[in-house]
Structures are given as C-alpha cells and as structure tokens.
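Since the structure comes first, as structure tokens, the remarks are kept for the end.
From a predicted model like this one, the values you see are computed outputs, not experimental measurements. Both ligands and their constituent atoms are indexed starting at 1 by order of listing. The analysis underlying the following values was restricted to heavy atoms, covering all of them including side chains, and did not include hydrogens, waters or symmetry mates. Position 1 is the first residue of the sequence, and the numbers go up from there.
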Amino acid sequence: MAGKIKAIRGMRDILPPETGRWQAVEKAAREAFALYGYKELRLPLLERTELFARAIGADTDIVGKEMYTFPDRHGDLLTLRPEATASVLRAVLENGLDQGAGVKKLYTLGPMFRYERPQKGRYRQFHQINCEALGSDAPELDAEVILLLMEILKKVQLGANRLLVNSLGCPECQAKFKAGLGLFLINKEGLCEDCQRRRTTNPLRVLDCKSAHCREILKDAPVLRDYLDPDCLAHFNRVLELLSRFGVTYEEAPRLVRGLDYYTRTAFEVVAVGLGAQDAVAGGGRYNGLAKELGGPDLPAIGFAIGEDRLMEVLPENLGQGDGKKVFLAALGPAALDLAFSLLQTLRQAGVAGEMDFGNRSLKAQMTLADRLGADYTVIIGDRELETGKATLRRMATGDQQEVALSLLPMVLAGL
Ligand code: ATP
Ligand code: MG
C-alpha cells in the first residue's frame, strides 16, 4: 500500500472549528479598516526575487536565509512572498495607485512564507493582516495607524499586551547611529557569528538578534533616541503625545528595530503577555525610503503586519462562536424527509442556518448528529407529525419540546 502524503514541515492545515476564530479576526479587521478608510488589495503570492532582495535588504535574516526561492520553468528567479509590504509597493507603483492627492490606505490579508525553524508560534507558512498608508510623513498618520492596530486587537479581545514604540530616525540619523553602534560593538567579545559580520555590514541588525548573549551585550549599547535630529525627535514626540491623548498605553523601547532594512522613524511592535519566546503578535513602522528604492517617487509611508497564527494562540477559545442559531431537521421516513427538505430550503432563504441528514437514520442517531453539529434547535418530523400538520420543536440545551404547526415553522424559527 502506498504511504500517506503529509503536509510540508512548518506548513499546517487550519481546520474547523479553528477556522471560525480566524474568520472572526479577519471580519473584525475588515470592519476596522473600513472605518479608517482602507481598501483591500489582493496580491500574487509569487514575485520576482529581486523585489524582496531590493526592498528588504541583503543582510537581513529574511533575504539571507529565510526565502523560498526557485527558478521557474523559464529560468526566472521567483520567491514566495516572505512579507507583504514590498508586494504592496510594487503593486501601487505598477498600477499608479500613488497618483492623486491624499493618503492611499490599503490592506491585504494572506499567507507569507519563510524558511525558519518551525516551533511554537513560528511556521514556514504563516498568515498576516497587513495595513499600509502611503503618501504622508505626518506624525498624525503614524498615530492613526497605531490606533487602528490597537482597535483591531481590542475588537478581537486580545488580553494583556504591551505596545512598544521607538523611532529609528531618518537615514541621516540612522547613519550616525550605526557609526556609534558599530564603534560600541567593535571590541565586544562573544557576539554570535551573524552579528560579528553585521557589526560592520549593518550594525542595526545586531539589535534584532535573538541570541541571549548578544542581547546581554546590547544592554549597554547606545540608543537611537540620542541620535535623533530635531525634526525626527519632534515627529516622534508628536506621535507619542497623540497616543497618550487617545488613551493608548505604550512603552518606549529604545532598542527596538524591525527585521527589515527599510524602516525609518516610527517603529512599533505589540507583544502579547504569556506567549513565550515568540510573543510579537504585530509589528510595523514607517518606511519612507522604500518606494524610491523600488524605482518609484518619494512616497513616505507607514504600515503594520499582524501575525494571525500567533494572535490566535492568545485569543478567547470561543471567539466568533455563538452568533447565529442553528436548526437541525430530523426526518423519519421518506415522506417526512421530502417535506423537511423543502422546509430546510425555506429556512435557509429566511437566513436561518439549518441542516438535516439524508441517510434515513433512526431518531436517536439523528439526535446524536444534531448534538454533534451544535444545533440549538431540532425539528422532528415523522408520520404522526405529517398527519397532524404539526412538528415537534426541541430546544437542545434544555430538552424542552413544543408542537408547532408546520406552516408556521419558518416564521417561528426565524424569530427564535
Ligand atoms: P520575529 O522577530 O518573531 O521573527 P519578525 O520581526 O520577523 O518577527 P515581521 O516581519 O515584523 O516579524 O512580521 C510581523 C508579524 O508576523 C510578527 O510579529 C509575527 O507575529 C508574525 N510572524 C513573523 N514570522 C512568523 C513565522 N515564521 N511564523 C508565524 N508568525 C510569524
Ligand atoms: Mg523573523
């Protein structure tokens, strides 16, 4: 016998009832996006490798070792997207979405691919909700984007969490900071192999290292805030002031950087309390220079990505459940089945979720099935009911039963 084929390591099936929770999160996000004026983009999962190499930066973990890259049959080098922002910008520039006045507000949902070591909260295919606002460098926009993120997280009942905020400054501030950090790191012993290289190639990346020893060394490292010029500092302070005004609790995280090279000024992350090592459920920031990097105009922008897989781990078990009732129709005998089927369609037309079993099973078997399907009510129709023109309506939670005229059933059920 042939062996069973299994899913690829780090890639998993998300099954019901779990998918119901995912739908609830995505619904809440879509509603919040609509309130804030965002429109959805649906983008390809495959892009030219060059897009990510240019956008994300050659010395990042993502480009260096995490991308799923392969030549297609024609020999073009393609990559399964490891993140969405580069693709969004590619699409914006290619389709001229940046034209015209005003901030362009876009969101997209879907899977991302990174060849990482699979573990709790870390998969090779994972899912993000991405928000991108393009065309303004105003600190109000930074604040608005963070407010939107926090609103989504609140809507899905995320419990204890911390919002960490930093400013990475403009490229000039960053260059000075990198020099200062490079100097600090130059004679530090015991940095991991990657960081020994990065301290000269891209010292900012060292701040993002997960190794415990590197983190220890970094405790005394210089902080970005001390390197911000007056404009960047004013921008940062205004963002913080606005967050305070709207009651958003934040912590300044002076060494927070993002895993991608393109961030400028505001950077932020939300960590969920109690998630363990992989505790960041969302991250984002400004990327003012990215459009130019991709051959486009000067297009200051800011965005965030929510990691749905990790978020699910900490959301309430029953999220999105219990809205809408469900009816099961138990039919006994062919005539009853025929009538129940018509009734079922009538119910569905009236917006009531209903199911039945076509297998001509015993009443007991059908009641078991109704329970398993989570029915709130069961309607029992047998020969006796057909004769009297009344069905038995049973409330599953209590076992209460009542007789209801068949002709009135749709109305009664719709009103329950
Ligand atoms: P980490 O530091 O945990 O590797 P990151 O900085 O690489 O995160 P981002 O690129 O900012 O992550 O992506 C935003 C969010 O996407 C993260 O906060 C996280 O919730 C989620 N995420 C990133 N990588 C993975 C993964 N491999 N599996 C599951 N979720 C992920
Ligand atoms: Mg990562």
Side-chain angles (χ1 to χ4, degrees), residues 7-12 14 18 22 25-26 29 52 55-57 59-68 79-89 107-132 145-146 149-150 152-153 156 158 161-166 168 194-195 198 204-212 214-215 218 253 255-263 266-287 290 302-315:
I8 295 168
R9 193 165 125 82
M11 308 202 176
R12 62 199 178 120
I14 299 162
E18 182 65 8
W22 285 70
V25 167
E26 289 165 9
F52 302 114
I56 300 175
D59 199 39
T60 56
D61 279 350
I62 294 179
V63 174
K65 51 191 182 197
E66 295 176 357
M67 294 205 306
Y68 278 91
T79 294
L80 275 167
R81 66 175 184 194
E83 58 104 40
T85 304
S87 304
V88 170
L89 264 198
Y107 76 94
T108 190
L109 319 178
M112 307 293 153
F113 303 85
R114 296 185 194 171
Y115 197 85
E116 303 194 73
R117 192 171 69 78
Q119 53 196 288
K120 186 170 180 290
R122 203 176 281 291
Y123 307 97
R124 290 181 172 174
Q125 174 173 337
F126 61 100
H127 305 79
Q128 287 186 345
I129 298 172
N130 281 88
C131 161
E132 319 286 349
V145 161
I146 297 175
L149 169 62
M150 299 317 282
I152 294 173
L153 296 178
V156 299
L158 174 64
N161 65 82
R162 299 160 59 207
L163 166 65
L164 311 175
V165 193
N166 194 16
L168 307 181
D194 281 339
C195 287
R198 290 175 183 141
L204 215 53
R205 292 270 61 78
V206 177
L207 292 183
D208 204 25
C209 185
K210 305 265 185 315
S211 127
C214 292
R215 282 181 177 256
L218 287 166
R255 293 189 182 84
L256 174 76
V257 291
R258 312 278 312 124
L260 299 77
D261 267 356
Y262 55 61
Y263 285 98
T266 312
F268 53 94
E269 207 164 89
V270 176
V271 299
V273 175
L275 249 189
Q278 267 61 247
D279 61 355
V281 294
R286 251 195 190 281
Y287 47 92
L290 183 58
I302 177 163
F304 64 74
I306 298 175
E308 288 188 86
D309 306 74
R310 278 185 209 171
L311 186 60
M312 292 304 162
E313 299 269 330
V314 277
L315 296 187

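Closest protein heavy atom to atom 21 (C) of ligand 1: Gly307 CA, 3.7 Å. Looking at atom 14 (C) of ligand 1, its nearest protein heavy atom turns out to be Gln128 NE2, 3.3 Å. Taking atom 28 (N) of ligand 1 as the reference point, the nearest protein heavy-atom neighbour is Tyr123 N, 2.9 Å. Distance from atom 27 (N) of ligand 1 to its nearest protein heavy atom, with residue and atom name: Glu116 OE2, 2.6 Å. Taking atom 10 (O) of ligand 1 as the reference point, the nearest protein heavy-atom neighbour is Arg114 NH2, 2.8 Å.
For the pair Asp309 and ligand 1, the shortest N or O to N or O distance does not fall below 3.5 Å.
In this structure, Asp309 contributes its side chain and His127 its backbone to a donor-acceptor pair below 3.5 Å. No donor-acceptor pair closer than 3.5 Å links the side chain of Arg310 to the backbone N or O of Val281.
Less than 4.0 angstrom separates some heavy atom of Val281 from each of these atoms of ligand 1: 18 (O), 20 (O). For ligand 1, the atoms closer than 4.0 angstrom to any heavy atom of Phe126 are 16 (O), 22 (N), 23 (C), 24 (N), 25 (C), 26 (C), 27 (N), 28 (N), 29 (C), 30 (N), 31 (C). Of all the atoms in ligand 1, the ones that sit under 4.0 Å from a non-hydrogen atom of Ala282 are 18 (O). Applying the 4.0 Å criterion to heavy atoms of Ala280 picks out, from ligand 1, the atoms 17 (C), 18 (O), 19 (C), 20 (O). Atoms of ligand 1 found under 4.0 Å from any heavy atom of Arg258 (numbered from 1 in listed order, with element): 9 (P), 11 (O).
Arg114 CZ to Met112 CE: the interatomic distance, rounded to the nearest 0.5 Å, is 8.5 Å.
Assignment of Gln278 to the shell around ligand 1 is not supported, since no heavy atom sits closer than 4.0 Å. Residue contacts with ligand 1 include Lys210, since one of its heavy atoms falls under 4.0 Å from the ligand. Arg310 counts as a contact of ligand 1, since one of its heavy atoms falls under 4.0 Å from the ligand.
Under the 4.0 Å criterion applied to side-chain N and carboxylate O atoms, Lys210 and Asp61 are not assigned as salt-bridge partners.
You'll find the side chain of Leu149 reaches within 4.5 Å of the side chain of Leu153, heavy atoms only. The side-chain heavy atoms of Arg12 and Pro118, taken from C-beta on, include no pair separated by under 4.5 Å. Side-chain contact between Leu158 and Leu315: present, with at least one pair of heavy atoms (C-beta onward) separated by less than 4.5 Å. Between Arg205 and Cys195, the closest side-chain pair of non-hydrogen atoms is not below 4.5 Å. Side-chain contact between Glu313 and Gln278 is absent, with no heavy-atom pair separated by less than 4.5 Å.
Of all the heavy atoms of Glu83, none lies under 4.0 Å from any atom of ligand 1, so neither backbone nor side chain is involved. Within the 4.0 Å heavy-atom criterion, both parts of Arg122, backbone and side chain, lie near ligand 1.
Inspection of the Glu83 and Gln128 side chains reveals no N or O donor paired with an N or O acceptor under 3.5 Å.
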